[in-house]
> 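Below is the structure I would like to discuss, written out as structure tokens.
Computed over heavy atoms, backbone and side chain alike; hydrogens, waters and symmetry mates excluded.
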Amino acid sequence: MNANVLERPIRSADDGPRTINASAVECRGVTKTFGSGDAAVQALRGIDVEVRLGELTLLVGPSGCGKTTLISIIAGLLDPTAGSVSVLGTELTALRGRPLVNFRGRNIGFVFQQYNLLPSLTAAENAAVPLLIAGWPRTKAVARAREVLAELGLGNRTNSRPNQLSGGQQQRVAIARALVHEPRLLVCDEPTAALDAHSGQTVMELIRRVAVRPDRSVIVVTHDSRVYQFGGRMIEMSDGVIERVSSPADAA
């Protein structure tokens, strides 16, 4: 990646100055209900939480507690039933259609648990997908993706297809795809779940080293207590509510 780009002054949505540890995400009174009537399931029950710039925040809790629903709302992939969600100074609930798609494309990167790589594309082509969607010329987009992959230690595997890569290498390609367009918010859903202990540690080290910048925020959903050391803050969820916000050291 271009270090000069990563070290640019921090700006808010209106180009005013933003201080380090300013809010990247603010959720106020967020609820989410799936279904209706007797079949209604309330996945989120009035979430109030803040995620700061310049930090790696861990979102933890048991399966089914609402973690994936919350990050999907923060990433603009789901609408809340009620409440407000501000991301990088923009109220997401006020955006619809193309403006929301454009905002996500400029500002948010998402790392999926199951990688979601396209099997017919090379590593570089997979990583270049966000740039191609944004209209970059193919040659320029793939060249940029190769730079990001090299920074993630895959410079010699850019022409490999997913079935030629290990699980840890595929996850690195997924991280490269999430970072290639320089998003200011990176959201990772269980990035170590399909990896062995060593590969999981390596992936978290890469995320912390490459993704955490003063003007960027990283949210990692995880069940893996072995990676708690990588977080700056920990948000603990249970049954659709925030139970506690702490540092990993507090929970050790």
Side-chain angles (χ1 to χ4, degrees), residues 1 6 10 18-27 30 44 47-75 85-88 107-115 151-153 167-168 171-172 174-176 178-179 182-252:
M1 287 187 186
L6 291 173
I10 300 169
R18 184 188 291 273
T19 58
I20 293 174
N21 285 334
S23 293
V25 177
E26 292 184 14
C27 296
V30 172
L44 300 178
I47 297 292
D48 292 310
V49 74
E50 176 187 18
V51 177
R52 301 169 184 162
L53 286 168
E55 288 188 348
L56 191 157
T57 299
L58 299 174
L59 183 60
V60 305
S63 296
C65 73
K67 302 187 303 297
T68 296
T69 300
L70 178 57
I71 62 168
S72 296
I73 288 173
I74 289 171
V85 181
S86 176
V87 176
L88 303 170
N107 296 288
I108 301 173
F110 205 108
V111 178
F112 298 92
Q113 179 177 341
Q114 298 300 326
Y115 318 141
E151 187 169 349
L152 293 175
Q171 189 61 290
R172 293 192 200 192
I175 293 168
L179 289 173
E182 295 285 358
R184 292 182 60 205
L185 175 63
L186 178 67
V187 180
C188 307
D189 190 7
E190 298 281 3
T192 66
L195 305 176
D196 59 41
H198 175 72
S199 296
Q201 293 278 317
T202 299
V203 162
M204 287 301 298
E205 288 170 0
L206 286 169
I207 290 173
R208 184 170 64 180
R209 176 175 62 82
V210 176
V212 180
R213 298 288 188 270
D215 62 343
R216 177 178 287 155
S217 182
V218 182
I219 303 172
V220 175
V221 171
T222 185
H223 285 97
D224 189 353
S225 62
R226 296 170 299 183
V227 306
Y228 285 1
Q229 62 182 302
F230 294 99
R233 284 202 308 160
M234 181 183 295
I235 299 171
E236 300 175 55
M237 289 190 67
S238 177
D239 195 24
V241 300
I242 303 297
E243 292 282 357
R244 186 184 183 205
V245 178
S246 63
S247 73
D250 295 334

> So do the side chains of Leu58 and Phe230 get within less than 4.5 Å of each other, counting heavy atoms only?
no
> Under the salt bridge (Lys or Arg N to Asp or Glu O under 4.0 Å) test, which residues partner Asp196, sequence neighbours left out?
none
> Which residues pass the ring pair (Phe, Tyr, Trp, His ring centres under 6.0 Å) test with Phe110, not counting sequence neighbours?
Phe112
> Without swapping roles, check the side chain of Gln171 against the backbone of Thr192 for a donor-acceptor pair under 3.5 Å.
no
> Under the side chain to side chain contact (heavy atoms under 4.5 Å, CB included) rule, collect the residues that match up with Ser86, sequence neighbours excluded.
Glu26, Glu91
> Rounded to the nearest 0.5 Å, what separates atom CG in Leu56 from atom CE in Met234?
10.5 Å
> Against Leu88, only a single residue in Val25, Leu53, Ile108, Asp215 fulfils side-chain contact (heavy atoms from CB on, under 4.5 Å); can you say which?
Leu53
> Side chains of Ile47 and Met237, heavy atoms from C-beta outward: is any pair under 4.5 Å?
yes
> For the residue pair Glu182 and Arg216, establish whether any side-chain heavy-atom pair is separated by less than 4.5 Å.
yes
> Tabulate below the donor-acceptor pairs under 3.5 Å that side-chain atoms of residues 200-209 make, not counting sequence neighbours, or state none.
residue	atom	partner	partner atom	Å
Gln201	OE1	Gln229	NE2	3.4
Gln201	NE2	Arg226	O	2.9
Thr202	OG1	His198	O	3.0
Arg209	NH2	Glu151	O	3.2

> Between Leu195 and Asp224, is any pair of side-chain heavy atoms under 4.5 Å apart?
no
> Just by distance, do the side chain of Lys67 and the backbone of Pro62 share a donor-acceptor pair under 3.5 Å?
yes
> Any donor and acceptor pair, going by atom type alone, linking the side chain of Ser217 with main-chain N or O of Leu185 inside 3.5 Å?
no
